[in-house]
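Take a look at the structure below.
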Amino acid sequence: MKIGYPCINWMLKATPKKFRLASYSEQRLCESVEWNLYMLEKILSWNLERGFLFFRISSDIVPFASHKVNTFNWQEHFKKKFKEIGDFVRAHGIRISMHPNQFVLINALDEKILERSIAEIEYHCDVLDLMGLDESAKVQIHVGGVYGDKEKAIERFVERYGKLSSRARKRLVIENDDKLFSVSDCLKVSEKTGAPIVFDYFHHLCLNSGESVLDAMQACASTWTKSDGILMVDYSSQKEGFKRGTHIDSIDAEDFKRFLSLAEGIECDVMLEIKDKEKSAEKSLSLIRAFQ
DNA sequence: AGTTGTCAAGCTAGT
DNA sequence: ACTAGCTTGACAACT
């Protein structure tokens with residue numbers, strides 16, 4: 001079981017450098033990407049020293065990567081650096097994921113939204129391909145919107161999925177969300193597309209069809225083939241006193257131990273989606289050691 | 001130097 | 001009709 005956290009390391013003050021569309025320039029873009037790649041290297045070695053072998057790379061690593069304003073061939077320009085980081089990742093058996101944001105909706109009704117979504121997915125694939133990572137490095141998205149008819153929304157997802165590039169289909173995985181598409185909905189999508197399912201533990205507690213965590217998790221695990229690697233799990237828990245679905249600021253030891261016993265025996269890599277990032281990740285490692 | 005409004009993109013539920 | 005929330009800060013313009 002590899003443990004990781006998403007995108008940011010607070011201790012290293014490693015947050016991706018961004019800028020506004022209005023300030024776009026090639027120089028600004030290059031400066032940002034250069035910094036972001038430098039920080040990514042820092043994070044990955046920091047992680048390795050402490051035993052974190054799972055990491056989610058921020059979608060902001062290349063600002064405006066899929067925006068039409070960006071005509072710069074950043075892929076070519078940063079090829080060497082991406083490859084170098086990818087070599088490090090492979091040499092140490094680090095697992096990588098990426099998670100495009102909520103604007104990526106491949107079941108959108110609007111063609112323009114679909115077009116932008118595909119461009120964004122292609123960008124994420126570019127990053128992982130440039131790093132030279134195999135198919136176990138994934139790009140995770142949610143099924144998307146319901147648009148008043150869940151069955152039709154699923155059908156649209158399946159149809160659109162079939163038209164994606166083959167490299168996108170190799171990387172794309174779907175994740176159950178907390179409001180619209182549960183694990184059982186995702187299973188329907190997975191059956192028809194072959195896309196593996198990332199099991200989101202917290203989302204499953206928010207939205208399910210009555211299945212146990214174990215059953216849901218096993219069902220998700222069975223959607224991953226050998227080349228996909230083992231099941232990816234997103235872990236978080238409820239921030240008490242806030243509305244359902246709000247992520248906790250710091251890991252809840254009891255809840256995490258409960259998760260560990262529920263997940264016992266299922267091979268998986270766990271991403272801790274918790275606000276204080278590496279701090280909770282470090283706590284989780286000591287909880288895991290105590291658990292074993 | 002410190003504060004604050006706003007940021008590429010969309011959906012849904014809640015006010 | 002409008003906003004918070006989502007993977008959520010931090011850029012950039014203003015005191």
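Numbers restart at 1 for each chain; the letters A, B, ... are given by sequence-line order, proteins then strands. FYI, side chains are in, hydrogens and waters are out, and symmetry mates aren't considered; it's all heavy atoms of this structure.
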Report yes or no: is the cationic atom of A:R156 (NZ for Lys, CZ for Arg) closer than 6.0 Å to the six-membered ring centre of A:Y147, at no more than 45° off its axis?
-> yes
Using a distance-only test with no angle check, is there a side-chain donor-acceptor pair under 3.5 angstrom linking A:Q238 and A:H247?
-> no
Hey, does A:S58 reach any base, or is it just sugar-phosphate, or nothing, if we go heavy atoms under 4.0 Å?
-> nothing
What do you reckon, are the aromatic ring centroids of A:Y123 and A:W74 less than 6.0 Å apart?
-> yes
Less than 4.0 Å between a side-chain N and a carboxylate O, is that true for A:E76 and A:K79?
-> yes
Nearest-neighbour nucleotide for the A:H67 side chain, B:dA8, B:dA9, C:dC6 considered | B:dA8
Is it the case that A:K150 places NZ or CZ above or below the six-membered ring of A:F181, under 6.0 angstrom from the centre and within 45 degrees of the axis?
-> yes
Distance, P atom - from C:dA10 to B:dG10, rounded to whole angstrom | 24 Å
Kindly give the heavy-atom pair with the smallest separation between A:R169 and A:L164, and that separation in Å.
-> NH1-O, 2.6 Å
In terms of ring plane angle, is the pair A:Y38 and A:W35 parallel, tilted or perpendicular, where the classes change at 30° and 60°?
-> tilted
Nearest to side-chain heavy atoms of A:F64, which nucleotide of C:dT8, B:dA8, C:dA12 | B:dA8
If you check the A:L21 side chain, which of C:dG9, C:dC6, B:dA8 turns out closest?
-> B:dA8
For atom P, what is the distance between C:dT8 and C:dA13, given to the nearest Å?
-> 27 Å
Check ion pair A:E41-A:K81 (N to O, under 4.0 angstrom) | yes
Using 4.0 Å as the upper bound for N to carboxylate O, is an ion pair formed by A:R171 and A:D228?
-> no
In B/S/- notation (B base, S sugar-phosphate only, - none; protein heavy atoms under 4.0 Å), nucleotides 10-15 of chain B written 5' to 3' is BSS---
OP1 or OP2 of B:dA9 sitting under 4.0 Å from any side-chain N/O of A:S66?
-> no
Pairwise C1' distance, C:dC6 and B:dT4 [rounded to whole Å] | 23 Å
What is the distance, rounded to the nearest whole Å, between atom CZ of A:F202 and atom C1' of C:dG5?
-> 12 Å
Pick the P atom in C:dG9 and in B:dC11, then give their distance to the nearest Å.
-> 24 Å
A:E273 or A:F19, whichever maps to the more 5' nucleotide of DNA chain C | A:E273
Between A:R28 and C:dA12, does any side-chain N or O lie under 4.0 Å from OP1 or OP2?
-> yes
Would you please confirm or rule out a distance under 4.0 Å between OP1 or OP2 of C:dC11 and any side-chain N or O of A:S23?
-> no
Can you give the dot-bracket line for DNA chain C, where a pair is Watson-Crick or G-U wobble with both atom distances under 3.5 Å, crossing pairs use [ ], and | marks a partner on another strand?
-> ||||||..|||||||
